[in-house]
S.K.: 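Submitted below is the structure of interest, expressed as structure tokens.
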Amino acid sequence: MDAENEAVKKTSYPLKVFYCPECSLPLEYCEFMPEATRKLCKEWREKNTDLLIAEGLDLESMSLDDLGSEKKRQKRGGRGNVKVKSKKEPEKIKIARMPRGKKKFVTRVQGLASFDVNLKKASKLFSQKFSCGSSVSGDDEIIIQGDVTDDIMDLIPETWEQIEYDHLEDLGEVKK
């Protein structure tokens, strides 16, 4: 309690807050800025140490030494550790027709992701082109409502240049 009372007595109001001209934050918060901005703040402090000492600031407690290895910084955004997907060699694109009911079928397209094709955009293209429902299911699979195997064999090489007709494989009718 005595330490708190002494700190309150030593504080004179109104408080005088000094802002860094580089990052526009109070000097105590410069250490939380990105590395490039922190370097600019450090250079400004080194040039103006006599001014800061004359104002009565304790520069020892507000050091901007490189803390990169000791301190883990939180990055903006949600997921902490993003897993990097390993690059695969382009495989065959497998197109199969699967029964859905009595006389109805769905077409399954697998392997487009190995050619760096955005599956959501491909699904939307298929649904617009064939006037049917299409969805991404799984890591590397698109399900298209209806039997469009012949049409899709022609559409894929036309749309994406990196995919040749030799990369396509028609599996025919398969069960789920």
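Please read all numbers here as calculations on a predicted model, not as lab measurements.
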S.K.: Step by step, would you call Cys20 with Met33 a side chain to side chain contact (heavy atoms under 4.5 Å, CB included)?
M.R.: CA-CA 12 Å; Cys20 176; Met33 293 302 290; over 6 Å; no

S.K.: Side chains of Gln145 and Phe130: closer than 4.5 Å at any heavy-atom pair?
M.R.: no

S.K.: Linking I/L/V/M/F/W/Y whenever their side-chain heavy atoms sit closer than 4.5 Å, directly or via other members, would Val174 and Ile144 fall into one cluster?
M.R.: no

S.K.: How about Ile163 and Leu112: do any of their side-chain heavy atoms sit closer than 4.5 Å?
M.R.: yes

S.K.: How long is the span from the CE atom in Met98 to the CD atom in Glu173, to the nearest 0.5 Å?
M.R.: 10.5 Å

S.K.: Check whether more than 12 heavy atoms from other residues, nucleotides or ligands sit under 6.0 Å from atom CZ of Phe18, and answer yes or no.
M.R.: yes

S.K.: What's the separation between atom CD1 in Ile143 and atom CD in Gln110, rounded to the nearest 0.5 Å?
M.R.: 7.5 Å

S.K.: Let's go through Phe115 and Ile93 carefully: what are the C-alpha distance in whole Å and the side-chain angles of both, what is the deciding distance for side chain to side chain contact (heavy atoms under 4.5 Å, CB included) to 0.1 Å, and is it a yes or a no?
M.R.: CA-CA 9 Å; Phe115 288 92; Ile93 296 175; 3.7 Å; yes

S.K.: Do you know which two heavy atoms are closest between Ile95 and Asp170, and how far apart they sit?
M.R.: O-OD1, 3.3 Å

S.K.: How long is the span from the CZ atom in Arg45 to the CZ atom in Arg38, to the nearest 0.5 Å?
M.R.: 11.0 Å

S.K.: Could you give the distance from CH2 (Trp160) to CG (Asn118), rounded to the nearest 0.5 Å?
M.R.: 9.5 Å

S.K.: Supply the atom-to-atom distance Leu171 CG to Arg97 CZ, rounded to the nearest 0.5 angstrom.
M.R.: 12.5 Å

S.K.: Would you say Phe32 ends up clustered with Val17 if hydrophobic residues are merged whenever their side chains have heavy atoms under 4.5 Å apart, either directly or through other cluster members?
M.R.: no

S.K.: Between Ser123 (side chain only) and Ser134 (backbone N and O only), is there a donor and an acceptor less than 3.5 Å apart?
M.R.: yes

S.K.: Can you name the closest pair of heavy atoms from Gln162 and Val117 and give their distance?
M.R.: NE2-CG2, 4.0 Å

S.K.: For residues Leu155 and Leu119: do they belong to one hydrophobic cluster (side chain heavy atoms under 4.5 Å, members Ile, Leu, Val, Met, Phe, Trp, Tyr)?
M.R.: yes

S.K.: Does some side-chain heavy atom of Val109 sit less than 4.5 Å from a side-chain heavy atom of Ile156?
M.R.: yes

S.K.: With a 4.0 Å cut-off on N to O distance, would you call Lys94 and Glu169 a salt bridge?
M.R.: no

S.K.: To the nearest 0.5 Å, how far apart are OG1 in Thr149 and CG in Asp151?
M.R.: 8.0 Å

S.K.: Has the side chain of Lys92 got a donor or acceptor atom that lies under 3.5 Å from a matching backbone atom of Asp166?
M.R.: yes

S.K.: Hydrophobic clustering (ILVMFWY, side-chain heavy atoms < 4.5 Å, transitive) - are Val136 and Val148 grouped together?
M.R.: yes

S.K.: Return the minimal non-hydrogen interatomic distance between Ala122 and Ile142, and the atom names on each side.
M.R.: CB-CD1, 3.9 Å

S.K.: Would the distance check show the side chain of Asp140 and the main-chain N or O of Ala113 forming a donor-acceptor pair, the cut-off being under 3.5 Å?
M.R.: yes

S.K.: Work out which heavy atom in Leu168 is nearest to a heavy atom in Met153; give both atom names and the distance.
M.R.: CD1-O, 3.3 Å

S.K.: Are any of the side-chain heavy atoms of Leu27 and Trp44 separated by less than 4.5 Å?
M.R.: yes

S.K.: Main chain of Cys23, side chain of Thr37: is a donor-acceptor contact present, judged purely on distance under 3.5 Å?
M.R.: no

